[in-house]
2 protein chains.
Amino acid sequence: MSVTLADVAARAGVSAATVSRVLNGNYPVAGSTRSRVLRAVDELEYVVNGPASALAAATSDLVGVLVNDIADPFFGVMASAIQSQIGPAGDHDAEAPHGQKMAIICNTGGSPERELTYLTLLLRQRAAAVVLTGGTVEDPDHLGALATRLRRLEAGGTRVVLCGRQPLTAATDGAAPGGAHGPVPGPEEDPGPAPVALTFDNFGGARRLTGHLLDLGHRRIGYLAGPAARTTTRQRLDGHRAALAAAGAAGGEAGTPEAERLTVHGGYDRASGYDGALELLRREPGLTAVVAANDTVALGACAALRERALRIPEDISVAGFDDLPFAIDAAPALTTVRIPLHEAGARAGRLALGREEAPAGRTATLPADLMVRASTAPPRP
Amino acid sequence: MSVTLADVAARAGVSAATVSRVLNGNYPVAGSTRSRVLRAVDELEYVVNGPASALAAATSDLVGVLVNDIADPFFGVMASAIQSQIGPAGDHDAEAPHGQKMAIICNTGGSPERELTYLTLLLRQRAAAVVLTGGTVEDPDHLGALATRLRRLEAGGTRVVLCGRQPLTAATDGAAPGGAHGPVPGPEEDPGPAPVALTFDNFGGARRLTGHLLDLGHRRIGYLAGPAARTTTRQRLDGHRAALAAAGAAGGEAGTPEAERLTVHGGYDRASGYDGALELLRREPGLTAVVAANDTVALGACAALRERALRIPEDISVAGFDDLPFAIDAAPALTTVRIPLHEAGARAGRLALGREEAPAGRTATLPADLMVRASTAPPRP
DNA sequence: CTGTTAGCGCATTCAT
DNA sequence: ATGAATGCGCTAACAG
């Protein structure tokens, strides 16, 4: 805990500058000196002082990853994928952790304040990059504050990547793909280039999912939405309603009593699915299908429905979203929408390191594919 | 990205040292000066330079968390709990991120080399603490190298906490609680105090689980073990066999052909459960129950069994381990052993920050409770 | 209670 | 290709 560059230099009979150069490998050094230095490093068991080099170089090798909750596989899978691209991979030399970045995972719990707090903390660490995953609150104030923080980060050389989140836009986006409003510039200064964003086709996926139910013959479909005013929630709900509207089914027009009645907002957790399904049944006993905001909510709904002695899918169909690993092992296997979480995370990781070029327009939308399984079937005659 | 302590000091009409003091709050400062400084900080939007302060103070506010795979809820839940104790909690002032630590999550993928690499990286960062979660490889060489790294970390002031992992012991531990061999000191120097460890009662939980099956009347029980030579795998397998042996059932004596025949080693993933169950059926068509190394493996086994037209639990019983969130929603609900992942993580987080006293003997064993659900039943007559 | 003085360990100019 | 010197921004004694 005390052997420094100077010690290594002395041992190798060179100057500290030279040691620094061989360690960073970004400067020509004679082969013989290099090996001499390397040997000294080894003998002394020298370990670079990260903070010191970060201070001198004005950049650290830390990458911030913001997630709602790392215990949720939705974020866990993305985080894992991001990590796989920035950390020590299997093919790297374990004995020479040079240029290895490390991921700082920040659990925001979905709280806008905590999101901002973490961004400040990351700014303070002079993070090399920051990846923001998942949707966020659609509040203009928060979006403004967020944009300001991100701009500040970028100004300091931190690369910013949005993964599974819309580029910073106004609240009324997602009603339809392409129907976005303009970016929200912070209260001051030059917006600069927008952060690169990888988004999921939540709207399209949701529309196809509900379309599948409609094709099956369902007309009374309840929707278990996520927390209100969050991008992901809205996009999925909007997609659902768009499908309903296109088929002229009940609840397709937002704002109507019918639409309100068939929609229950809750969290993205199992308990919300359980409670929400019960509430939906109370409001509309003739329900033939329930679409959930995500797989976890869907599982909660299934539990509630089963307790009501309703068989899935004979008596009522249930569908989820995300296709998390456990969806296929649910009872019955859950019909859902597959989101390429791993690919998105891996790509975001590469983007964060500048190892992959930004997509045209700085935004790429990843597909959301319908996965029809056993939890959906035609309604009872 | 360039306003420094000095700038704030100038603006507030005080010295840099004073600013540092109010910011760190660990030194008496006059109320008026403090507010003047705080205002300057605010006006200038000053953000501390983490690396610089880490260098000067010789410690950072980063906490390393080693996990096998953050995408696995087993680790995700623990990581989330750890994080909840060290990061910005809801009750903290979002505008004053002082003393907020951040978690660096390191995915080792179960690789010993990567585990060591990460430890070196963490040493380099001068991490305030390191939490190692989950079991590890039982190889003496690795254990030795690990002990050395950890000692080095502790020598540098980094607090080390083992969460869900045995204290550094020799390979032949876990055969019975208390049957441990002595600690493995590294090849050199003074061992110093062992890191504090929070362990799970894998042995006892496994024994109770298999005991439950035996009570039900099962005698031909297959075991889907995790990767060989890992602490968690062994403890669970040993517990299973101890129960078998106590009942005089087949496969209770390790090393016998019978025991080998009824045990299949694989990974901790779903595919291993699927393949393993098929293999078990091939070896022993008369199987009446399958015990899996964890819930994920159990789910894979269920899928395979169902494809073989075997009903669970009527034709064959299945049991898991860990009681991950999805276990209760499986079809049928999985009988398993509950491991207090959240509590363990939270406690480890507090231990890492020195906010909780180390347990007596520096090691505490957390209970593993049997959760009997619908996937187990008496064998067919 | 506050200011002054030194480094912390490394990456960089500049020289050579 | 290598060495010497300077400073990154902050904290920690030490004065006062």
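These numbers were taken from a predicted model, which means no experiment stands behind them. Naming convention: chains lettered A, B, ... in sequence-line order (proteins, then strands); numbering from 1 in each chain. Only this structure's heavy atoms are used, side chains among them; waters, hydrogens and symmetry mates stay out.
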Legend entry - Contact under 4.0 Å: B:T33 side-chain N or O vs C:dT2 OP1/OP2: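 Checking C:dT2 against B:T33, a side-chain N or O does come within under 4.0 Å of OP1 or OP2.
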
Inset, instruction - Report yes if at least one side-chain N or O of A:S15 is closer than 4.0 Å to OP1 or OP2 of D:dG3; otherwise report no. - result: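 Answer is yes, contact under 4.0 Å.
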
To the nearest angstrom, how far is [X] atom [atom1] from [N] atom [atom2]?
X      : N      : atom1 : atom2 : result
A:N24  : C:dT12 : CG    : P     : 7 Å
A:Y27  : D:dT2  : OH    : P     : 11 Å
A:L23  : C:dT12 : CG    : C1'   : 15 Å
B:R21  : D:dA12 : CZ    : C1'   : 9 Å
A:R34  : D:dA1  : CZ    : C1'   : 12 Å
B:L123 : C:dG9  : CG    : P     : 13 Å

So if I take every side-chain heavy atom of [X] and compare against [options], which nucleotide ends up nearest?
X     : options               : answer
A:T18 : D:dG9, D:dT2, C:dA11  : D:dT2
B:A56 : D:dG3, C:dC8, C:dT2   : C:dC8
A:A30 : C:dT2, D:dA1, C:dG7   : D:dA1
A:L55 : C:dG7, C:dT2, D:dC8   : D:dC8
A:S53 : D:dA4, C:dA11, C:dT4  : C:dA11
A:P28 : D:dT2, C:dT2, D:dA1   : D:dA1
B:S20 : D:dT2, D:dA12, D:dT11 : D:dT11
B:A57 : D:dT2, C:dC1, D:dT11  : D:dT11

Inset, instruction - Write down the atom of A:A16, the atom of A:L5, and the distance for their closest heavy-atom approach. - result: O-CD1, 3.7 Å

Legend entry - SB check B:E154 B:R159 (cutoff 4.0 Å):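 Salt bridge absent between B:E154 and B:R159.
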
Legend entry - Point-to-point distance, once rounded to the nearest 0.5 Å, from CG of B:L143 to OG1 of B:T136: 6.5 Å

Inset, instruction - Calculate, to the nearest 0.5 Å, the distance between atoms SG and CZ belonging to B:C106 and B:R114 respectively. - result: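 Atom-to-atom, B:C106:SG and B:R114:CZ are 11.0 Å apart.
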
Legend entry - Check: B:R126 side chain, C:dG9 base, donor-acceptor under 3.5 Å: no

Legend entry - 5' priority, DNA chain C, between A:N49 and A:N26 [closest heavy atom]: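 Checking each residue's closest nucleotide, the 5'-ward one belongs to A:N49.
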
Inset, instruction - Remember a base hit wins even if backbone is also touched, and classify A:V14 as base, sugar-phosphate or nothing at under 4.0 Å, heavy atoms. - result: sugar-phosphate

Inset, instruction - Identify whether any heavy atom of A:L5 sits under 4.0 Å from a base atom; if not, whether one sits that close to sugar-phosphate; answer base, sugar-phosphate or nothing. - result: sugar-phosphate

Legend entry - A:T133 versus A:R165, side-chain donor and acceptor atoms under 3.5 Å: no

